[in-house]
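This one's a predicted model, so the numbers in the text were calculated from it and none came from an experiment. In what follows, every heavy atom counts, from backbone to side chain, and hydrogens, waters and symmetry copies are set aside. Quick note: residue numbers are just sequence positions, from 1.
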Amino acid sequence: MSIYKNAIRDARIREYLPVHRVMLAEQAQNAEILPGNPALQPSISGTERICVLQPGGALLLDFGVELHGGVRIVNRSGAGRIRLRFGESASEAMGTPNQDHAIHDTELQVPAMGMLEYGNTAFRFVRIDALDAKLELMNVLAVALYRDLKRGGSFRCSDERLNRIWETGAYTLLLNMQDYIYDGAKRDRLVWMGDLHPEICGILSVFDDVSLIPASLDFVRDHTPLPRVMNNITSYSLWWIVNQYEYYLHRGDLAYLQEQREYLTGLLRQLEEYVNQDGSEMVPPRRFLDWPNNDNPVAMHAGLQGLLCRAFQCGAKLCDALGIDASRPLEFARRMMGHVPDCGDSKAAAAMLTLSGIADRSDVLARDPFRGVSTFYGYYMLLAQPTAPALELIRRFWGGMLDYGATTFWEDFDLDWLKNTSPISELPVPGKDDLHADFGKYCYRGLRHSLCHGWAAGPTPFLSERVLGVKFLEPGGRKVAVSPELCGLDFAEGSVPTPFGPVRVAASRSGRPEIDAPEGVEVVAG
């Protein structure tokens, strides 16, 4: 019970993480006392060894894993000013970090014989520069702020690389589940309706408490009265319908869906204006598919054709669940199925055409399969192709981030970036490219590039749905199909959450899969 009137209780917990390693210590003595140090409180008369940071001195600290929160500096000496820099990479903490959405570079006063806490961002590395006075640091700790959520979902198989990728995706999602579901825990601390879809699918495959999903959907809806479009991006209003369907299919919350009735029907009528008589889309500006296709009108048209068709398909199912006549969204979906645009070599557009049922363009995904991959639309690229090549794409593309120091998945990535670079967990090497600072374009240029982006967590729901083989057939998981696809794996086991409890699957090459479903869930052959 709160002792304050009108207080807002934070659903998150705080934990302190000691320093993992000291990467740089300039004009600093006893920096070796920091790794593993649990001290939270300064001591006036203690005899402990302390880290002395001279004026002009600097420390670069690695906490071993990306986290969300801030830092606590425990100081035993007199006051002094510091420059504090957070970094998702060592390079970022050593450079001039971008300040959009969260402060990563600031000057602060450290109190005499006291503690300073600062930060509300995502980071792994911290650099501290003493600007004008000697500091006697008893400790520096990261302050992790996150939701302590029970997992009903799990995944394990004979390929440890895939296991690590599933876990990294789940952890990436967790760091972005703060007050709402953010797209990026460092930069992009906003609720983006399109970016939410792969995050929603991932959250539904991992966590039991998914209350942030309706909270985030409602947040954008409530800030977007019709006929305005969500996030000022017309296609993101299409994603709202798809997201509503995804949530209803997995949770079966009809009471919540009833609250969307007026907005849903109004939005569907608005979307009818985006379809030509020949069934082709004419989504008005701002048109957006994903950043890699932002300057490709052919791919943009093909991708939006698939996405708008999918929105009508999902809208018809939601109308049916609400007892509303679904004939108009079904008719518009059928009309759009008759227009099959060229998608060029865009894998994102090919995936949307395939998943909407307009045309099977998995051939585009099979050509040069490791190029032209989008972290956002990567989830749909996986879904739109057979499982075996999709698993290889996961190993190569998302595994490539892990090979170069990632502990969360990135806003954008290209395997070509790795040709002459060092891991993000190491200091930049002269003569080599800086993996964080030297790449990216559009909104993720240089150090603005987020290295903890929820839209990149697509392999986590994909592995649960395709390898474990659990597919929802009726809202809330009342009926599921289970058909594991091992594709060369010796075994795969795990669980997928439903409102009734987890569906557990254990499959191996040697026999029929073992399936344990809770009461209330009907399992049928996939």
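Checking each of V470, V482, D516 against V523 for a side chain to side chain contact (heavy atoms under 4.5 Å, CB included) leaves exactly one that passes, namely V482.
In this structure, L267 CG and R221 CZ are separated by 12.0 Å, a value rounded to the nearest 0.5 Å. One distance of note links CD1 of I181 with CG of L190; it measures 13.5 Å at 0.5 Å rounding. Separation of atoms OG (S89) and CG (L435) is listed at 8.0 Å; rounding is to 0.5 Å. One finds the OG atom of S362 at 13.5 Å from the CE atom of M381 (value rounded to the nearest 0.5 Å). Rounding to the nearest 0.5 angstrom, the gap separating the CD atom in Q313 from the CG atom in L355 is 10.0 Å. Rounding to the nearest 0.5 Å places OG of S91 at 10.0 Å from CD1 of I424.
P499 approaches G476 most closely through the heavy-atom pair CD-O, 3.1 Å. Contact detail for G306 and L353: the closest heavy-atom pair is N-CD2, 4.3 Å. Here the closest non-hydrogen pair linking A215 and Y180 is O-CE2, 3.6 Å.
Annotation: side chain of L217 is in contact with side chain of M193 (closest heavy-atom distance under 4.5 Å). No side-chain heavy atom of R228 sits under 4.5 Å from any side-chain heavy atom of S237. Within the 4.5 Å cutoff, the side chain of Y263 has heavy atoms near those of the T224 side chain. With a 4.5 Å cut-off on side-chain heavy atoms, T407 and R124 count as touching. Residues S205 and E465 fail the side-chain proximity criterion, which asks for heavy atoms closer than 4.5 Å. S216 has its side chain within reach of L196: a pair of non-hydrogen atoms, C-beta onward, lies under 4.5 Å apart. The side-chain heavy atoms of C443 and E411, taken from C-beta on, include a pair separated by under 4.5 Å. A 4.5 Å side-chain heavy-atom check between L391 and L463 finds at least one atom pair inside the cut-off.
More than 12 heavy atoms of other shown residues, nucleotides or ligands fall within 6.0 angstrom of atom CD in E331. Applying the 6.0 Å contact sphere to CZ of R371 captures no more than 12 heavy atoms from other residues, nucleotides or ligands. The environment of CZ in R12 is crowded: more than 12 heavy-atom neighbours from other residues, nucleotides or ligands sit within 6.0 Å. Residue D345 qualifies as open at atom CG: its count of foreign heavy atoms under 6.0 Å is 12 or below.
F462 does not carry R466 over the face of its six-membered ring by the limits of under 6.0 Å from the centre and within 45° of the normal. In this structure, R286 is positioned above the aromatic face of F288, its NZ or CZ under 6.0 Å from the six-membered ring centre and within 45° of the axis.
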Full working for side chain to side chain contact (heavy atoms under 4.5 Å, CB included) between V480 and V521: CA-CA 7 Å; V480 300; V521 176; 3.9 Å; yes
Before you tell me yes or no, could you show the steps for R445 and D438 under salt bridge (charged side-chain N to carboxylate O under 4.0 Å, His left out), namely the whole-Å CA-CA distance, both residues' side-chain angles and the distance that decides it to 0.1 Å? CA-CA 8 Å; R445 189 181 301 276; D438 291 343; over 6 Å; no
Step by step, work out the salt bridge (charged side-chain N to carboxylate O under 4.0 Å, His left out) result for K419 and D416. CA-CA 6 Å; K419 291 179 179 178; D416 285 344; 3.6 Å; yes
Candidate pair F439 and F413, rule ring-ring contact (aromatic ring centres under 6.0 Å, His included), full reasoning: CA-CA 9 Å; F439 297 99; F413 180 61; 9.5 Å; no
Evaluate salt bridge (charged side-chain N to carboxylate O under 4.0 Å, His left out) for E92 paired with K186, printing each intermediate quantity in order. CA-CA 12 Å; E92 184 177 18; K186 174 192 79 169; 3.0 Å; yes
Start with the C-alpha gap between H453 and Y182, add the side-chain angles, then the distance that decides, and say whether ring-ring contact (aromatic ring centres under 6.0 Å, His included) holds. CA-CA 8 Å; H453 233 64; Y182 297 149; over 10 Å; no
If you apply the rule side chain to side chain contact (heavy atoms under 4.5 Å, CB included), what do you find for L268 with F312, and how did you get there? CA-CA 7 Å; L268 283 170; F312 280 121; 4.2 Å; yes
Working note: R156 + E493, criterion salt bridge (charged side-chain N to carboxylate O under 4.0 Å, His left out); need CA distance, chi angles, decisive distance, verdict. CA-CA 5 Å; R156 191 172 74 90; E493 60 188 21; 2.6 Å; yes
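A donor-acceptor pair under 3.5 Å links the side-chain atoms of Q270 to the main chain of P227, judged by distance alone. The closest donor-acceptor contact from the side chain of S346 to the backbone of C343 lies at 3.5 Å or more, if one exists at all. Side chain of D253 to main chain of Y256: a donor-acceptor pair is present (N/O by atom type, distance under 3.5 Å, no hydrogens or angles). Of the possible donor and acceptor atoms, none in the side chain of S483 sits under 3.5 Å from a partner among the backbone N and O of G469. Judged purely by atom type and a 3.5 angstrom limit, R504 has no side-chain atom pairing as donor or acceptor with the backbone of G494. T172 contributes no side-chain N or O that, together with a main-chain N or O of T408, makes up a donor-acceptor pair within less than 3.5 Å. Proximity of a side-chain donor or acceptor of N276 to a complementary backbone N or O of G279 within less than 3.5 Å is not detected. The closest donor-acceptor contact from the side chain of W398 to the backbone of F409 lies at 3.5 Å or more, if one exists at all. Checking side-chain atoms of D434 against main-chain N and O of H436 turns up a donor-acceptor pair under 3.5 Å. Between the side chain of N176 and the backbone N or O of A185, at least one donor-acceptor pair lies under 3.5 Å.
Aromatic ring pairs are classed by plane angle as parallel below 30°, tilted from 30° to 60° and perpendicular above 60°; the pair F219 and H223 is tilted. Between Y444 and W291, the ring-plane angle classifies as perpendicular under the 30° and 60° cut-offs. Between W455 and F376, the two ring planes are parallel [angle under 30°; tilted spans 30° to 60°].
R395 meets the salt bridge (Lys or Arg N to Asp or Glu O under 4.0 Å) test with D159, E392; sequence neighbours excluded.
Here D490 pairs with R509 in a salt bridge; the nearest charged N to carboxylate O distance falls below 4.0 Å. Between D295 and K441, no side-chain nitrogen of the basic residue sits less than 4.0 Å from a carboxylate oxygen of the acidic one, so the salt-bridge criterion is not met. A salt bridge between E167 and R151 is present, with a side-chain N of the basic residue lying under 4.0 Å from a carboxylate O of the acidic one.
Between F472 and H250, the gap from one ring centroid to the other is short of 6.0 Å. Proximity of the aromatic rings of Y248 and Y245 is defined here by a centroid distance below 6.0 angstrom, and this criterion is not met. Taking the six-membered ring for Trp, H449 and Y442 have ring centres at least 6.0 Å apart.
Note on residues 468-482: pairs passing salt bridge (charged side-chain N to carboxylate O under 4.0 Å, His left out), not counting sequence neighbours, are E474-R478, E474-K479.
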